[in-house]
4 protein chains.
Amino acid sequence: MATSAASVLDDQATHSFAKDQLKAIVERIERLEEEKKTISDDIKDVYGEAKGNGYDVKALRTIIRMRKQDANERAEQETILETYLQALGML
Amino acid sequence: MATSAASVLDDQATHSFAKDQLKAIVERIERLEEEKKTISDDIKDVYGEAKGNGYDVKALRTIIRMRKQDANERAEQETILETYLQALGML
Amino acid sequence: MATSAASVLDDQATHSFAKDQLKAIVERIERLEEEKKTISDDIKDVYGEAKGNGYDVKALRTIIRMRKQDANERAEQETILETYLQALGML
Amino acid sequence: MATSAASVLDDQATHSFAKDQLKAIVERIERLEEEKKTISDDIKDVYGEAKGNGYDVKALRTIIRMRKQDANERAEQETILETYLQALGML
DNA sequence: GGCTTTGTAAATCGTC
DNA sequence: GACGATTTACAAAGCC
C-alpha cells in the first residue's frame, strides 16, 4: 500500500512533535530535580554548619520531625472537626 | 556560692543567644524543606500532566534514571581521564 | 589438575547443603508471608463486619491511626527524655 | 420535652453497648495489626539471618517475588481451565 | 475503574 | 566499606 506525500509530512510532523514534547517533559523534570538537589545540599550544609557550632544533628532532626508532626496533627484535628461538623449537619 | 549580677546578665545573654541561634537554624531548615516540597510537588505535577497526555509515567521515570546514570558515568570517565592526565603530568 | 573422590563428595555435600539451606530460607519466608496475608484478610473482615453493623469504616480507620500516632508520640517523648538525660550525663 | 426514666436507662444501655462494641472492634483490629507487625519483623529477621549467612538479600527477594508471580500465573491458568471446563459442562 | 492514599522495597547518605 | 538511618520509588489497597 502506498502512502501519500501529505500523510508522510503529517507523520513526520506528528513524530517531530511527539519527540519535542517528550524532550520538553524530560528536561523540565531534570531541571526540577537539579533544583531539588541544590536545596537538599543546602539543607545538608545547614546541618553541617550547626554541627560545627556544637549542635547535635540527631537532636536537631528530632526537633524538625516533631514540629512537622505537630503541624500534621493540627491538620488532622481540623479534618476530624470537619468530620464531626459534617456529621452534625453543620457544614 | 553567690552569682554576681554580671554573670546573671551573661547567662541570660548567652541563653538568649543560644535560643535565637537554634531558632534560626530550625527556621532555615524548615524554610528549605518547604521549598524542597514545592519542587517535589512540581515534579509530580509534570508527571501527572505527562500522564494526562498519554505518557507512561513509569517509562518516563526509567528514562530519567538512565540519563542520570549516563551522566554519572560520563562524570566518572572524566575523573578517570583527569587521573591519567595528572599521572602523566599533563594537568 | 585432578579432583580427588573425597572432594567431589565434599562438593556435592556442600552443594546439597547450600541448596537445602536456600530452600529452607525461601520456605520460611513464604510461610510467614502467608500468615501475614491471613491476618491482613482478618483485618479486612473486621472492618467489613463493622461496616455491616453500621460503623463508618473511614472513621474507624482514623481512630486506629490516631491511637497509633499517640503511641508513637509517647515513644518519641521517651526517646527525647533519654536524649536529654544522656546529654546531662544522667544515664 | 421530658424524657421518661425508662428511656434514660435505655439510652444509657444503648450508649454503653455502642461504646463497648466500638471498643471491641478497635481492640480486635489493633490486636491483629500487632500480630501482623510481629510477622513482618520475623520476615525481616529471616532476611537478616540469611544475610549473615552470606546470602544476597536483594536476590532472595527477587526469588520470592518470582515464585509468587509463578503461583499467581498458575492460579490464573487454573481459572482459565475451570472456565473452559465450565463452558464444556464438565464441572 | 481510575485515582489517591498507604505500605513496602530500594537507594542514598552519613557514620563508624 | 559495612552498617544503620533517611529519603525516594514502587506496588497495593481503598475510596469515589
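Predicted model, so just to flag it, every value in this text is computed and none were measured. Naming convention: chains lettered A, B, ... in sequence-line order (proteins, then strands); numbering from 1 in each chain.
- Inter-axis angle, ends of the helix from E:dG1-F:dC16 to E:dC16-F:dG1, five pairs per end, rounded to 10 degrees: 10°.
- In this structure the side chain of D:Glu33 reaches within 4.5 angstrom of the side chain of C:Lys68, judged on heavy atoms.
- Partners of B:Glu82 according to the side chain to side chain contact (heavy atoms under 4.5 Å, CB included) rule, which considers only residues two or more places apart in sequence or in another chain, are B:Leu91.
- As a whole-Å value, the separation of B:Gln69 CD from E:dA10 C1' is 14 Å.
- A salt bridge links D:Glu49 with C:Arg28; the closest basic N to acidic carboxylate O contact falls under 4.0 Å.
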**Message:** Apply salt bridge (charged side-chain N to carboxylate O under 4.0 Å, His left out) to residues C:Lys37 and C:Asp41 and explain how you reach the verdict.
**Reply:** CA-CA 6 Å; C:Lys37 180 162 191 352; C:Asp41 291 344; 3.1 Å; yes
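- The side chain to side chain contact (heavy atoms under 4.5 Å, CB included) check on A:Asp45 picks up A:Asp42, with sequence neighbours excluded.
- Every side chain to side chain contact (heavy atoms under 4.5 Å, CB included) that D:Met90 has, sequence neighbours left out, goes to D:Leu85, D:Leu88.
- For F:dC10, one of the phosphate oxygens OP1 or OP2 lies less than 4.0 angstrom from a side-chain nitrogen or oxygen of B:Arg65.
- E:dT6 atom P lies 14 Å from atom CD1 of C:Ile64, rounded to whole Å.
- Evaluation of the side chain to side chain contact (heavy atoms under 4.5 Å, CB included) rule for B:Arg67 yields A:Val26, A:Glu30, B:Ile63 as partners, not counting sequence neighbours.
- Within a 6.0 Å sphere centred on CD of C:Gln69, other residues, nucleotides and ligands contribute more than 12 heavy atoms.
- Going from atom CD1 of D:Ile29 over to atom C1' of E:dT6 covers 16 Å, rounded to whole Å.
- Within a heavy-atom distance below 4.0 Å of DNA chain E, the residues of residues 31-63 of chain A found are A:Lys44, A:Lys51.
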